[in-house]
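All remarks here apply to the structure that follows.
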Amino acid sequence: MGVSIISLVALAIAGLAFYKVVIYPCFISPLAKIPNAHWSVPVSPGWMLWKRFRMQNNRTIQAAHERLGPIVRLGPSEISVNCVDGGIKTVSMFTMIGTKSHSVRKRMLSNIYSKSTLQTSPHLRVVSNAVIYDRLLPILHDAASSEQSIDVHDLNQGLTMDFVSCYLFGLQNGTNHLQDHEFRKHWLHMYLCRKPFEFYHQETPQLIDWMECIGLRLIPKYCDTANDMLDAWALDLCGKAAQSLNSTDPTVEPIVYKQLKQSLDKQAAKEGGPKPDPAEQQNDIACEMYDQLTAGFETSAVGLTYLLWELSKNPDLQSKLHEELMTLDPPIGIPKSAELPPAKAVDALPLLEAIVTETLRLHAPIPGIQPRVTPSPSCSLGGYDNIPANTRVNAQAYSLHRNPEVFPEPETWRPSRWLKEENSTVDLEEQKRWFWAFGSGGRMCVGSNLALQETKLVVAAIYSNFRTTIVNDDGIEAIDAYTVGPRAEQLILKFHPL
Ligand code: HEM
């Protein structure tokens with residue numbers, strides 16, 4: 001009698017577990033109506049985790065959308081959308097953890113990164129003149145005169161770090177990675193050595209802790225050393241900026257650092273609490289600055305590398321671009337005969353704009369998933385209703401940018417698709433709606449205007465003065481990751497003076 005009651009209870013528990021783990025997610029959950037990227041996804045996240053571990057996320061999701069349409073299920077509680085209406089337009093409004101403080105912080109910085117501020121900023125003007133005329137063009141000119149080739153991917157990573165750090169902290173306090181090749185190499189090594197372990201931080205953060213509990217390290221010690229070095233580096237930059245707070249000289253004033261510090265002081269005063277501890281506040285600012293530096297340098301460098309690669313394969317387009325650049329007044333010449341032309345004039349060049357946009361479409365530096373979480377109690381996406389709260393929803397530029405109905409022959413790099421006058425059939429507005437290189441909504445890239453202004457200026461400076469040809473592009477294909485880059489981490493070009 002006793003045994004049969006125990007058996008019945010065990011059977012009921014097993015039945016309930018089977019219902020919860022198999023029957024409900026496979027047949028009853030509203031997610032069950034969404035096509036499965038793999039047969040196992042309703043019951044396990046294992047298949048997608050494995051793909052991510054093997055660095056196949058972007059291509060796997062893209063293949064699923066090509067096969068199954070604009071919304072696919074990737075796990076028991078994970079889906080991916082690949083459409084604008086009922087897709088990214090809705091998802092952009094979904095939240096992530098810590099949203100309130102995040103949006104307050106973002107508001108503190110939005111003005112300093114607006115297009116009009118950047119185009120008229122005396123600080124960015126000083127930085128641009130120094131980086132282009134004193135650092136970049138002499139390096140390219142020397143290499144061209146001695147017929148030496150250049151690893152432009154390495155160079156771009158120095159160039160973009162200099163741009164962003166000098167804007168954040170002032171020209172005097174920012175980096176000089178372009179000219180300090182040794183330190184650039186060391187810094188990049190420290191930064192990049194942690195990349196292979198990003199998977200664990202993003203997808204299985206608990207595993208890192210569990211392993212540590214049993215005395216095993218999932219993340220090697222050298223990553224801790226690199227993190228310590230990078231933290232100290234960011235703190236050092238902030239320390240220098242703190243010394244320059246009272247300056248109004250545009251070569252010295254740390255404009256972004258100062259804006260954040262003053263806004264935090266003001267917020268603390270408004271809240272009426274005790275004055276923030278200076279060391280704690282400095283650490284907080286250093287974290288924010290570090291995020292901006294790293295978010296800003298790598299992405300812009302990757303975009304530039306692919307742009308130079310595509311143009312180097314297109315000598316005719318280089319000539320057309322050169323012609324367009326010769327309309328700038330004053331032109332960007334070597335040796336320097338005048339200040340750089342106004343940023344607004346560079347921004348208004350249509351072919352340059354089309355080349356930059358098309359590069360960010362086909363070679364989006366962040367093509368990978370931007371996960372959000374569905375709100376309570378439920379929502380509708382891609383024509384499916386009642387999607388439960390706390391479902392992870394991903395969208396990725398990699399797939400949005402490859403919709404052949406919006407971007408015919410999506411794998412072809414064709415800037416003319418952004419030029420209405422050359423292509424009367426093109427629906428520019430629709431293409432812009434699907435362009436997601438900078439994301440959208442509350443988490444949209446804060447530095448998109450800075451990235452576009454600096455990229456256009458660098459490309460304008462290069463093709464006003466040089467022709468480029470490929471020496472070695474082996475391994476130029478992008479890795480499959482959240483932030484991409486050439487598999488070989490290099491692109492060797494030759495610069496020919498015009
Ligand atoms: C071509 C260059 C760039 C690309 C393609 C790019 C792209 C992106 C993308 C896709 C996101 C995530 C958006 C989302 O989650 O929806 C992002 C976030 C961010 N980007 Fe950029 N970015 C670039 C340059 C920059 C620059 C120059 C800065 C310098 C300040 C910057 C700072 C940031 C920051 C701070 C975030 C986090 C924003 C947040 O969490 O609210 N980015 N970027």
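Just so you know, ligand 1 is whichever comes first in the structure, and atom 1 is the first atom listed for that ligand. Below, each value reflects all heavy atoms present in this structure, side chains not excepted, and no hydrogens, waters or symmetry copies.
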With K115 via salt bridge (Lys or Arg N to Asp or Glu O under 4.0 Å) - residues at least two apart | D347
Does D180 pair with R184 as a salt bridge, N-O distance under 4.0 Å?
-> no
So, K51 and D480, do they make that salt bridge, N to O below 4.0 Å?
-> no
Please confirm whether R372 comes under 4.0 Å of ligand 1, counting heavy atoms of the residue only.
-> yes
Only one of Q62, H65, E66 passes side-chain hydrogen bond (donor to acceptor under 3.5 Å, both in side chains) with S399; say which it is.
-> Q62
For [atom], the protein heavy atom that lies nearest, with its residue and separation:
{"atom": "atom 39 (C) of ligand 1", "value": "H102 NE2, 3.2 Å"}
{"atom": "atom 7 (C) of ligand 1", "value": "A437 O, 3.4 Å"}
{"atom": "atom 14 (C) of ligand 1", "value": "R443 O, 3.1 Å"}

Under 2.8 Å from atom 21 (Fe) of ligand 1, the protein N, O or S atoms, given as residue and atom | C445 SG
For H322 and S464, test the side chains for any donor-to-acceptor distance below 3.5 angstrom and give the result as yes or no.
-> no
Taking the six-membered ring of F407, is the NZ or CZ of R361 close enough (under 6.0 Å from the centre) and on axis enough (within 45°)?
-> yes
Answer with side chain, backbone, both or neither: which part of Y113 has a heavy atom less than 4.0 angstrom from an atom of ligand 1?
-> side chain
